[in-house]
Each structure stands twice: as C-alpha cells, then as structure tokens.
J.: 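Supplied in structure tokens, the structure appears directly below.
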Amino acid sequence: MNIFEKAERLKKLPPYLFKEIDRKKTEVRSRGVDIIDLGIGDPDLPTPPHIIEALKKAAVDATNHRYPSYSGMGDFKETVAEWYGKRFGVELDPDTEVISLIGSKEGIAHFPLAFVNPGDVALVPAPAYPVYHNATMFAGGESHFMPLLSENRFLPDLNAIPDKIISRARVMFLNYPNNPTSAVADLDFFREVVEFARDNNILVCHDAAYTEMAFDGYRPPSFLAAEGAKEVGIEFHSLSKTYNMTGWRIGFAVGNREAIEGLGAIKSNIDSGVFQAVQMAGVAAMRGDQTCVRQMVQVYSRRRDLMIRGLQDVGFEVETPKATFYLWIKVPEGYTSSQLAERVLEDAGLVVTPGNGFGEAGEGYFRIALTQKRERLSEAVQRLKAFSL
Ligand SMILES: *Cc1c(COP(=O)(O)O)cnc(C)c1O
C-alpha cells in the first residue's frame, strides 16, 4: 500500500466542485481580464479600530501569553452571556452554558465527535455550509439531507423526514439567517423545531453566524429564544461576520450545558483554547459601541439594493434578502448552475458560486456575495447587461 494512501474519511469527502471554476478563473485572469470576484463569503471591510486597539494592548501583556483556559476566559464568557441577554432576551450561565471557539467553524466541525456515533444520522439542510455534512461524515455518521425549497421559504419540511430516519437521528443542523439562500426563520419555526427535537430526542445545532447582518430594521431571533430550546439545543455564534473578524478566529457556542460539556470534552483533547488577547478583543467588540455594526449593515444594504435592482433589470429572478451578504439567484432556463457560472466568468469576467457547490439541492441557483465595493458591483451589473443569456 502507498504510504500516503488517504484515510477513508478523506476519500469520502464530496468532490470539490469549485475546482473547474478555480481553474477557469486562473485562465481568464492570465488573459488579462479584470475579474470581479463575487464568490467570496468574507467581509472586505476592515475590523473596527477599537477592536484592534484592544488586541494590541492585550498582546503586549505577558499574562496573556500562556495557555488560555480551555472553555474561555471568565470575562469573555460573561460578555457573551450579557450580549445574549441584551440582544436576544436569552439568559445564559456563563460558567456552564458558554464556550469559546476558535471560530464557529471549529466548534461545528468538532461537535459531531461528541454526539454522533458511527451509523447515527445527522439531519443536514441542503443546500448548506459544507461543514455540517463533512463533520458528520468524519465522525462516522450519515447525513440525511433536508431540502430547502423556495416554496417552503427555504425552511426544511420536518414532516417530510421519514420515520425510520428520525429514529436513527441524533442531531439536526440548522442555519438562519441562511448561507447560501439568505433565507430567515422566525420564532414560530424555531418553536416547531423544539417540539420536533423534544418528541424525537434530537439535539439541535443552530448556526447563527449571520444574526447581526440583517436589513431594514429586521432583527433575526436566536434559536434559544424559543421556549424550551435550551433543553434540546446549542447555538453556534461568531464574531467573524458581525465585526469583520474572519481572520481572527473567534466564536462561541451557547445553550444546553450537556451539549456544551460534550463539545468541551472533545476540544480539550484537540486544541487549547483561544489566545487570550483575541478573547479580550472579542470582549471589546461585544461590549463596545455597536455603531460599527450599524455601519456594516448600512454598507451591505446599499450594495444589496444596487445589485438587486441591477440583476432584476437584466432579467434575473432574485428576491431581496432580509439578512446575510448573499443573493441566491435562479439560474435562467437552459443552463445548469455550473454552466451559468462558467459562462459568466468566461464572457463577463465575474466569479459567482454555482449552487450545486452547496450540495445537489442547490442546482438551479447561483450565489453572489456582496463583498465588493459599490463601484465594482455597478461594473458587474454593467457587464451582465452587455451580455445576453
Ligand atoms: C462564515 C460562516 C460561519 C463563521 O465561521 P467562523 O469559523 O466563525 O469564521 C459559520 N457558518 C456559516 C454558515 C458561515 O457562512
């Protein structure tokens, strides 16, 4: 056997569907085309200065240079609890119901190791952030995909899950406001999820990365604000999108104490916590003036309006999202998602993400991220106008 033969779990990873786009992007760029990349789910705006200042101050303090506590600094966990109380009306015990994460992706990826046995089922939305399925598979579990359809406002239909799947299901992943569909869920839906989870002994993992990126005064709720949610679930949160801190690697999970404890037990055997200086910067972010968040929302909402108007003018079918910096757009008749993405790249120099990259259920759509300046988005619209599908 080849000494570099990969483990089965790596071989089982779904094919990387952006390979063809990546190759084509390099090729088109080498022709001298000025590419506008609308594929990037990473804020283009900088981290607010007061957060950077807090990091600088904390970084020179030698007491922060040693191993941090596994579950997070007391001050960080208290700040999270205060923020949840103020923002969502959810009460949390900072000692037992909060854990710091090296970005929420880290926590989501490790979570199935704590609660999914080989052969167990995870209920995973589709299309979705790929981590839910891949982490389930790494733990030896099987994903049952719950399609997110436009006729259901991109919410999973819990009644459509077969009984023999439900009886094997240990966890359910959800994500609202949603990447990639930009759909939102209200408290009534979360109440329905709590009831379903309670009836069927399923642990709910809600990924709430985009709750603060919402427009026109809309305030997305926390899953934990649904009555009884804390008895069945955990919520993953991140400072990445709210404070433009994707590179800093800081997030947290909150909710059911046994779920937090299980995740913590896995993590304490894999990592050694978040650099304290970064946690202190996180405290500055959550406790500080939230004007920067309102400004961030303002920037994306103006970009959203510009882009929606432009796309609809050109004839694309797209709804105005209430949250997230994504637009989830119907692929016109006569193309697959991949064909559309290739064509747009080839002929207009625009990178968009084909929906099938988020699972087969995303076929028929493509995603645009509003992570470019308005001038670039206007330019993208101009190029689309010049180009007939
Ligand atoms: C960006 C994003 C996250 C946040 O990841 P971090 O690891 O906290 O940077 C989590 N879930 C989804 C769906 C995302 O799009």
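Values reported hereafter were calculated over all heavy atoms of this structure, with side chains retained and with hydrogens, waters and symmetry mates removed. Everything numeric in this text was worked out from a predicted model, so none of it was measured. Counting convention: from 1, in listed order, for ligands and their atoms alike.
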J.: Which label fits H237 and F88: parallel for a plane angle under 30°, tilted from 30 to 60°, or perpendicular past 60°?
T.: tilted

J.: Without swapping roles, check the side chain of N356 against the backbone of G362 for a donor-acceptor pair under 3.5 Å.
T.: no

J.: What about Y129 and F236, are their ring centers closer than 6.0 Å?
T.: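 No, they do not, as the ring centres are separated by 6.0 Å or more.
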
J.: Looking at T353, is its backbone amide N or carbonyl O close enough to the side chain of R367 to form a donor-acceptor pair, meaning the two atoms are under 3.5 Å apart?
T.: no

J.: Is the backbone N or O of F4 less than 3.5 Å from a side-chain atom of N2, with the two atoms forming a donor-acceptor pair by type?
T.: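 At least one qualifying donor-acceptor pair exists.
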
J.: Strictly under 4.0 angstrom, heavy-atom based: which residues surround ligand 1?
T.: G103, S104, K105, Y129, Y132, N175, N179, D207, A209, Y210, S238, S240, K241, R249

J.: Between F111 and F173, is the ring centroid distance below 6.0 Å?
T.: no

